[in-house]
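All remarks here apply to the structure that follows.
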Number of protein chains: 2
Amino acid sequence: MATPRTRLDPEARRAQLVGLGLEMLSTRPLDKVAIDEIAAVAGISRGLLFHYFPTKRDFHVAVARAASQDLLERTDVGHGLPLLDRLRASVEAFVDHVATNRDAYVAFIRGSSGGDPELLDVYESTRTAFTDRVLDSLGLVDVPPPLLRAAVRGWVALTEEVTVDWLSRGGLDRGEVVDLIDDALVALIAVAGAEDLATGG
Amino acid sequence: MATPRTRLDPEARRAQLVGLGLEMLSTRPLDKVAIDEIAAVAGISRGLLFHYFPTKRDFHVAVARAASQDLLERTDVGHGLPLLDRLRASVEAFVDHVATNRDAYVAFIRGSSGGDPELLDVYESTRTAFTDRVLDSLGLVDVPPPLLRAAVRGWVALTEEVTVDWLSRGGLDRGEVVDLIDDALVALIAVAGAEDLATGG
DNA sequence: CGCGATGTTGACCAGACGTCAATAGGATCG
DNA sequence: CGATCCTATTGACGTCTGGTCAACATCGCG
């Protein structure tokens with residue numbers, strides 16, 4: 001770990017640093033990921049990190065974006081399956097992913113911000129992506145009824161909370177959790193759909 | 001604002017500082033509430049603030065706790081009313097409160113932590129309090145079925161998300177939002193209740 | 001009016017973010 | 001194979017903010 005000065009392709013270096021940031025993220029919350037530490041582990045000077053990421057926040061945003069993309073990819077499964085099967089597969093993937101990376105995930109969703117607008121946006125975009133994915137699989141990509149959209153988005157939050165809460169408190173088994181989340185979506189769509197039809201959507 | 005040295009009762013001073021922190025919280029996220037600023041506005045030295053709150057985090061925790069308690073009190077309404085009416089009144093109180101304090105609320109739930117365990121706990125306790133309140137009004141204070149508990153907790157997260165999302169995106173009116181949240185709870189209880197009975201709870 | 005308790009101060013330290021001119025790896029060209 | 005240029009990389013510096021501490025001043029009390 002004492003390579004005096006290794007010249008690296010900028011993209012490779014960025015990728016390396018973001019990768020290290022992701023590893024750190026599983027240990028501590030994003031705020032506590034000190035620039036110095038990353039630089040030390042990467043075997044570079046702090047100055048260089050600031051060369052690639054003008055500010056600490058920029059680095060954090062990059063790491064958060066990577067985490068978000070990873071999460072979205074891991075849960076994008078079951079494309080060939082019928083609607084409900086695909087839903088179940090996705091939920092299972094989500095629950096399992098969060099289960100194996102609980103601290104990292106909580107750090108991502110809560111510890112992320114400090115109220116930074118860009119980080120807030122990364123987090124918000126992730127939820128939007130999940131919401132759109134559900135609406136998409138319902139065949140409602142464009143002009144989804146606002147009420148339905150709100151309901152699905154609420155379900156995304158519910159999914160997150162039920163999963164994290166389950167990992168902390170226990171009291172259920174994995175199957176029950178997945179069932180609950182699945183059934184919740186169906187029920188919520190029914191609620192929103194009926195409401196929407198009733199009001200003339 | 002140039003009182004040279006005003007001796008104050010410790011409790012009064014604490015209250016004053018937390019109060020100022022709450023005001024600040026409506027402007028910026030908790031992380032950005034600098035000790036120096038609080039001290040300056042309060043007309044005291046930074047050293048004194050550290051005398052009352054050993055660390056910045058302790059101060060933030062105190063402020064967060066105050067915000068949480070305020071939120072809980074404001075939404076604890078409709079005690080005499082029948083179940084569904086009380087639910088609606090509470091949800092309305094919640095939505096209205098968040099609507100008038102959007103930034104402060106988002107700052108509270110997201111910007112809070114930085115992953116600090118104590119702050120996480122304040123936030124988590126707030127959700128627990130909401131959950132217990134709902135279970136309580138259902139007459140299920142003790143030994144609530146785990147599935148129902150999880151469902152209600154998920155609903156709390158849904159409520160939060162739907163409200164905040166509505167304030168950002170619009171597309172619905174207040175009544176629709178409240179209706180959606182109300183109906184969601186009923187539907188989710190049905191889902192969890194059926195599941196629970198089916199599995200022998 | 002003096003004395004003690006304690007609320008209060010201001011100077012000090014430490015650690016982390018951010019800057020910048022100088023340095024050196026490595027590819028290219030003669 | 002050696003000189004040269006580009007640029008990735010460095011490390012010393014400035015600064016801001018959280019946190020410490022011994023001294024001080026204000027109030028209650030005899």
Side-chain angles (χ1 to χ4, degrees), chain A residues 1-21 24-25 27-64 111-119, chain B residues 1-21 24-25 27-64 111-119:
Chain A
M1 193 168 281
T3 23
R5 213 180 242 211
T6 328
R7 219 180 164 86
L8 223 61
D9 191 60
E11 298 215 10
R13 185 99 300 159
R14 274 186 77 97
Q16 174 204 18
L17 295 175
V18 171
L20 286 174
M24 292 268 184
L25 189 57
T27 312
R28 27 183 153 283
L30 203 45
D31 281 43
K32 296 299 176 208
V33 175
I35 294 291
D36 300 40
E37 216 171 340
I38 295 281
V41 173
I44 64 172
S45 67
R46 293 173 340 116
L48 187 59
L49 205 151
F50 280 103
H51 173 70
Y52 287 104
F53 303 94
T55 175
K56 188 191 182 183
R57 276 205 222 157
D58 290 283
F59 178 64
H60 284 175
V61 168
V63 172
S112 60
S113 54
D116 177 67
E118 276 195 88
L119 273 173
Chain B
M1 195 168 285
T3 22
R5 212 179 242 212
T6 329
R7 218 179 163 89
L8 222 63
D9 190 60
E11 298 216 11
R13 186 100 298 160
R14 275 186 76 97
Q16 173 203 21
L17 296 174
V18 171
L20 286 174
M24 293 267 183
L25 188 58
T27 312
R28 28 185 153 284
L30 203 46
D31 280 43
K32 296 298 176 210
V33 175
I35 293 291
D36 298 41
E37 216 171 340
I38 295 281
V41 174
I44 63 171
S45 68
R46 293 179 340 156
L48 186 59
L49 204 151
F50 280 102
H51 172 69
Y52 286 104
F53 303 94
T55 175
K56 189 191 182 185
R57 291 209 307 212
D58 290 284
F59 179 63
H60 284 175
V61 168
V63 173
S112 60
S113 55
D116 177 66
E118 276 195 88
L119 273 173

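Only this structure's heavy atoms are used, side chains among them; waters, hydrogens and symmetry mates stay out. In what follows, chains are A, B, ... by sequence order, proteins preceding strands, each numbered from 1.
The CD1 atom of B:Ile38 sits 14 Å away from the C1' atom of D:dT17 (whole-angstrom rounding). Computed from coordinates, the B:Leu17 CG to C:dG7 C1' distance equals 13 Å when rounded to whole Å. Atom C1' of nucleotide D:dG18 and atom NZ of B:Lys32 are separated by 14 Å, given to the nearest angstrom. Residue B:Arg13 contributes atom CZ, which lies 13 Å from atom C1' of C:dT6 at whole-angstrom precision. Between the CG atom of A:Leu8 and the P atom of D:dT10 there is a distance of 11 Å, given to the nearest Å. Regarding B:Arg14, its CZ atom lies at a distance of 17 Å from the C1' atom of C:dT8, rounded to whole Å. For the pair B:Ile44 CD1 and D:dA25 P, the interatomic distance rounds to 18 Å; values are reported in whole Å. Here the C1' atom of nucleotide D:dA22 and the NE2 atom of B:His51 are 14 Å apart, to the nearest Å.
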task = Any chance you could list the contact pattern along nucleotides 10-19 of chain C? Use B for base contacts, S for sugar-phosphate-only contacts and - for none, protein heavy atoms under 4.0 Å, 5' to 3'.
result = B-----SBBB

inquiry  = Does the protein touch nucleotides 1-6 of chain D at the base, only the backbone, or not at all? Give it as B, S and - per nucleotide, heavy atoms under 4.0 Å.
reply    = -----B

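Residue B:Ile38 holds its CD1 atom at 10.0 Å from CG of B:Asp36, rounded to the nearest 0.5 Å. To the nearest 0.5 angstrom, B:Leu8 atom CG is 13.5 Å from B:Arg14 atom CZ.
Side-chain atoms of A:His60 come within 3.5 Å of backbone atoms of A:Leu30 as a donor-acceptor pair (strictly under, hydrogens ignored).
Residue contacts for B:Tyr52: at a heavy-atom cut-off of 4.0 Å it reaches the sugar-phosphate backbone alone, with no base atom in range.
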Review item, side-chain donor-acceptor pairs of residues 47-59 of chain A, under 3.5 Å, at least two apart:
{"unit_1": "A:Lys56", "atom_1": "NZ", "unit_2": "A:Asp31", "atom_2": "O", "d": "3.3"}
{"unit_1": "A:Arg57", "atom_1": "NE", "unit_2": "A:Asp116", "atom_2": "OD1", "d": "3.1"}
{"unit_1": "A:Arg57", "atom_1": "NH1", "unit_2": "A:Asp116", "atom_2": "OD1", "d": "2.4"}
{"unit_1": "A:Asp58", "atom_1": "OD2", "unit_2": "A:Thr55", "atom_2": "N", "d": "3.3"}

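Looking at heavy atoms from C-beta onward, A:Ile44 lies in side-chain contact with A:Arg13 at the 4.5 angstrom threshold. Within the 4.5 Å cutoff, no side-chain heavy atoms of A:Met24 are placed close to those of A:Val63. Residues B:Arg46 and B:Glu37 are not in side-chain contact: their nearest non-hydrogen atoms beyond the backbone lie 4.5 Å or more apart.
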